[in-house]
Amino acid sequence: MDGYGGQMSTPIVVGPASLGLRLGSDVRVGDGWAVRDLLVPDGLDGPPGILQGGLAAGVAAPIAQVADTLGVPLTSVDARLHAPTPLASTVQARVRRSEGVGRYQVQLDQGDGLLVSAEVESAGYDPAPLGLDLLELASVPFPEAAPQREYPSCFVCGPDPAHPCGLRLHPRHGPAATIVQPWVADEVFAGAAAGVVDPLIVAAVLDCPTVWAGMEHLRAAGYLGALLAGFRLRFYRDVPLAEPLRIVARCDGLDGRKLRARAAVIDEDRTVYAMASALHIAVTELPSLPAR
């Protein structure tokens, strides 16, 4: 049993084993979709009890790669988050081929409710963009860390994460609505290739800074925070383990309740490893899910 009321024999590890995400080995086929159960464990919070947004978007990649036989590096994930994904639960993961080589559609749902929809492409790395304004943050001094209380148990940025591998990447506010954070990825976040960070962790660490880059705008408008609604993730090269990196982010503006921001993993040599564009929806209070 999976611990949350579902059967999951010989599960497939999704992302780093340390996270505890598992796909069921039993697959059901219908309407062109291959459907498996996905165990979402406790402790991977964004808002309390809800799967952190970058993880919810990024988990589409390993789900697609289970169906992919080419073994080509991940190019991109384009995801929409329709509803919160509950922790300590089993949801349904659906995948089917899309148009083009190495492209897949992925959905997470629970009951009749769609949680996440995404398109994943595994076609190798694209060249990094030239003239990227985020590279202006490659050499600025690191600001002081400012632990936050809005998302206290967040797996990435919370000061009190429930998960033993919580990153505690406290916001560091740079100039003009930016975030500049040091990051050395631990071995527990290794991907399938030796010495490389799993892409799911890269998705996670690029989500939170896009909220914090815009937090001054959110607070000035009377909002507590924001929830991830759309996430476009691009990879340009392997993200190395155990090497000094920077997570940088810049807010592109708040329009009504729509907060747009970008983040990247870079280094002080101005190498761009991965980048994300995020759309967040501003909220006056964090959502809560019924107690399980």
Side-chain angles (χ1 to χ4, degrees), residues 10-23 25 36 38-39 41 44 52 54-79 93 95 97-98 100-104 106 118-129 132 138 155-156 163-167 169 181-209 231-248 263-276:
T10 319
I12 301 167
V13 175
V14 175
S18 58
L19 298 190
L21 290 158
R22 301 289 187 271
L23 268 180
S25 58
R36 301 174 188 266
L38 174 66
L39 168 63
L44 300 178
Q52 192 258 2
L55 293 175
V59 76
I63 291 170
Q65 287 171 331
V66 168
D68 184 72
T69 59
L70 298 178
V72 178
L74 179 64
T75 306
S76 63
V77 178
D78 291 337
V95 60
R97 291 186 182 275
S98 188
V101 177
R103 299 181 72 91
Y104 292 85
V106 178
E119 181 150 305
V120 177
E121 181 180 11
S122 293
Y125 297 139
D126 286 333
L132 182 65
F155 174 75
V156 173
H163 197 282
C165 295
L167 285 93
L169 290 175
Q181 295 172 310
W183 184 39
V184 177
D186 193 273
E187 294 286 343
V188 297
F189 298 132
V196 175
V197 181
D198 193 285
L200 182 55
I201 294 299
V202 179
V205 302
L206 288 179
D207 167 28
C208 294
F231 201 60
R232 297 172 56 87
L233 178 63
R234 299 289 183 270
F235 286 88
Y236 306 112
R237 60 182 65 215
D238 291 340
V239 178
L241 285 168
E243 292 189 16
L245 302 169
R246 291 184 172 219
I247 303 167
V248 299
V265 178
I266 63 176
D267 62 23
E268 293 187 1
D269 293 326
R270 300 172 65 87
T271 302
V272 184
Y273 295 91
M275 187 169 70

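What you see below is based on every heavy atom in this structure, not just the backbone, and it leaves out hydrogens, waters and symmetry mates.
- Across all non-hydrogen atoms, the minimal contact from T75 to A123 is OG1-N, 2.8 Å.
- For the pair L21 and L200, the minimum side-chain heavy-atom distance is below 4.5 Å.
- No side-chain heavy atom of E119 sits under 4.5 Å from any side-chain heavy atom of E121.
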Evaluate side chain to side chain contact (heavy atoms under 4.5 Å, CB included) for R22 paired with V13, printing each intermediate quantity in order. CA-CA 5 Å; R22 301 289 187 271; V13 175; 3.9 Å; yes

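- Pairing each heavy atom of L23 with each of A93, the nearest pair is CD2-CB, 3.9 Å.
- Checking side-chain atoms of S18 against main-chain N and O of V188 turns up a donor-acceptor pair under 3.5 Å.
- A heavy-atom distance below 4.5 Å is found between the side chains of L19 and L55.
- Here the CD1-CZ distance, from I12 to R36, works out to 4.0 Å after rounding to the nearest 0.5 Å.
- Nearest heavy atom pair, residue F189 against residue C165, reads CZ-O, 3.3 Å.
- Residues E243 and D267 have side chains not in contact (no heavy-atom distance under 4.5 Å, counting atoms from C-beta outward).
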Steps toward side chain to side chain contact (heavy atoms under 4.5 Å, CB included) verdict (Y273, V202): CA-CA 10 Å; Y273 295 91; V202 179; over 6 Å; no

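- Two residues are said to be in side-chain contact when any heavy atoms from C-beta on lie closer than 4.5 Å; I201 and P16 meet this criterion.
- In terms of heavy atoms, D68 sits closest to G102 at OD1-CA, 4.3 Å.
- Counting non-hydrogen atoms of neighbouring residues, nucleotides and ligands closer than 6.0 angstrom, the CZ atom of R97 reaches no more than 12 such neighbours.
- Remark: of the listed residues V66, V106, V120, V106 is the sole one forming a side-chain contact (heavy atoms from CB on, under 4.5 Å) with V95.
- The closest donor-acceptor contact from the side chain of Q52 to the backbone of V156 lies at 3.5 Å or more, if one exists at all.
- Looking at Y104 and S122, their side chains never come closer than 4.5 Å, going by heavy atoms from C-beta outward.
- Side-chain contact between Q181 and V205: absent, with no pair of heavy atoms (C-beta onward) separated by less than 4.5 Å.
- The shortest side-chain heavy-atom distance between P73 and F235 does not fall under the 4.5 Å cut-off.
- Of the possible polar contacts, none joining the R246 side chain to the I266 backbone as a donor-acceptor pair under 3.5 Å is found.
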Worked verdict on D78 versus R234 for salt bridge (Lys or Arg N to Asp or Glu O under 4.0 Å): CA-CA 9 Å; D78 291 337; R234 299 289 183 270; 2.8 Å; yes

Working note: W183 + V197, criterion side chain to side chain contact (heavy atoms under 4.5 Å, CB included); need CA distance, chi angles, decisive distance, verdict. CA-CA 12 Å; W183 184 39; V197 181; 4.0 Å; yes

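- We find the CG-CD1 distance between L38 and I63 to be 5.0 Å, quoted to the nearest 0.5 Å.
- Checked against Y236 for a side-chain contact (heavy atoms from CB on, under 4.5 Å), the options V272, V265, T271 give a single hit: V272.
- Considering all non-hydrogen atoms of both residues, G124 and V72 come closest at N-CG1, 3.1 Å.
- Residues A60 and A118 share a closest heavy-atom pair of CB-CB, 3.6 Å.
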